[in-house]
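The structure displayed is predicted, hence computed values, not measured ones. Within every chain, numbering begins at 1; the chains are lettered A, B, ... in the order of the sequence lines, protein sequences first and strands thereafter.
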2 protein chains.
Amino acid sequence: MTQRAAAIPALAEAFREHGYEGASLARLCAATGLGKGSLYNFFPGGKEEMAAAVLADVHAWFTGSVFEPLRKAEAGDPGAIGAMFDAVTVYFRSGRRVCLQGAFALGRERDLFAATIAGYFDRWIAALAEALHATGHGGPAARLAAVETVAAIQGAIVLSRALDNPEVFQQVIDQTRTRIGATGTRTASPHS
Amino acid sequence: MTQRAAAIPALAEAFREHGYEGASLARLCAATGLGKGSLYNFFPGGKEEMAAAVLADVHAWFTGSVFEPLRKAEAGDPGAIGAMFDAVTVYFRSGRRVCLQGAFALGRERDLFAATIAGYFDRWIAALAEALHATGHGGPAARLAAVETVAAIQGAIVLSRALDNPEVFQQVIDQTRTRIGATGTRTASPHS
DNA sequence: GTCTATACAGTGATAGAC
DNA sequence: GTCTATCACTGTATAGAC
């Protein structure tokens, strides 16, 4: 059990780097340091179960580190939204690290994990919309702003990777952050 | 020569639907209606050359239908930027159709086509920044707004596919369009 | 030029030894 | 539990008949 959990981060990085179809079992073995037998012992469903476990792990991390803290904005914490921007900037390494659910949404992997992927972004948008509502945005406007913000983050990852330039990630994040009036860290030096 | 050109749109759709690694030669043959021998006759470099030809074709279409028309904003046409939003909405079918260069930017395909992908987005941002500059945005602010707008479009594709909901594409596009003050069609009915 | 046949490495998955 | 060996299959690419 704990062995299985320990393999998931390595699997996640392999899926991030190579995509679902590109992450062959040979690479997954190399990434985890386990043989095929061990992997199939932990994940009887094969590659699909490994990817599902990784997506669930990512969702769990975001729930604890992003979605739940956003709820603190309801308690009157104006810095909660700013903390979200800081968290995703670190997590996605300023665009150098891919959003797995976003990447899967573009390919045929979406058919396999449609409900999981939609659930992830639904929760994100809902939590952010609540926080925006608590900080003054009107009801429907809060959800629109939440949708636009999450889209901006995903677009920032795509564009910064396309241009191979983490600074454009920072630019998009900073503009989005100031527009919706979030407090918190504004990156002074855009490097690394 | 003209036969080769006729195959490219079919190849493009196959790469869009299945991704680079997922688009097997069998599927590329089925999509084009050609045998392997014919494909290798037109594209001696194999799959990589087919994908490169597709990316070049997409770039050429955007140059003629998006980038060049944006330059008309310099001639004092305020509707040029609005026309860009209309064009990309139709082209990407409100998020149902993937941006090939954006999808490749997320995967390992980026290593193969890095210069091509970066060039595509560089041209887009440059053309849009010029148009924004001509319609009143200050110099550095114009480029920032251009970067943010292109990122918003890419994020709109990712998010609308993740939620399997073209309306969120329209929402993000409409918000971005009004924020930068572009005239043109504002989608009244968000359906299809 | 376009097809069929084929080469050969690599795929996901399984069975069985230890 | 973890490994090695092997499975049937698909991948890209090539060769050769027509």
Q.
Donor-acceptor check, side chain of Arg93(A) to backbone of Pro166(A), threshold 3.5 angstrom: yes or no?
A. no

Check ion pair [X]-[Y] (N to O, under 4.0 angstrom):
| X | Y | result |
| --- | --- | --- |
| Glu130(B) | Arg143(B) | no |
| Arg96(B) | Asp164(B) | no |
| Arg27(B) | Glu17(B) | no |

Q. Could you state the OH-P distance from Tyr40(B) to dA7(C), rounded to the nearest angstrom?
A.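 Value for this atom pair: 17 Å.
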
Q. When the distance from CZ of Phe42(B) to P of dA13(D) is rounded to whole Å, what number comes out?
A. 17 Å

Q | Sub-4.0 Å heavy-atom contacts from residues 12-35 of chain B onto DNA chain C, ordered by number | A | Leu34(B), Gly35(B)

All N/O pairs under 3.5 Å across the protein-nucleotides 16-18 of chain D interface:
none

(Q) Assuming nearest nucleotide by heavy-atom distance, tell me which of Glu48(B) and Asn41(A) is located more 5' along DNA chain D. (A)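 Counting from the 5' end, the first nearest nucleotide belongs to Asn41(A).
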
(Q) Classify Lys47(B) by what it touches in the nucleic acid, base, sugar-phosphate, or nothing, heavy-atom distance under 4.0 Å. (A)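 Contact class for Lys47(B): sugar-phosphate only.
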
Q: Would you confirm whether the ring centroid of Phe92(B) sits within less than 6.0 angstrom of the ring centroid of Phe169(B)?
A: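 Not close enough - the centres of the two rings lie 6.0 Å or further apart.
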
(Q) Test side-chain contact (heavy atoms from CB on, under 4.5 Å) on Asn165(B) and Val168(B); report intermediate values, then the result. (A) CA-CA 6 Å; Asn165(B) 182 3; Val168(B) 315; 3.6 Å; yes

Q) Any link between Leu144(B) and Ile173(A) through a network of hydrophobic side chains (Ile, Leu, Val, Met, Phe, Trp, Tyr) touching at under 4.5 Å? A)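 The answer is no; the residues belong to distinct hydrophobic clusters.
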
Q.
For Leu132(B) versus Ala142(B), what's the shortest heavy-atom pair and its separation?
A. CD1-O, 3.6 Å

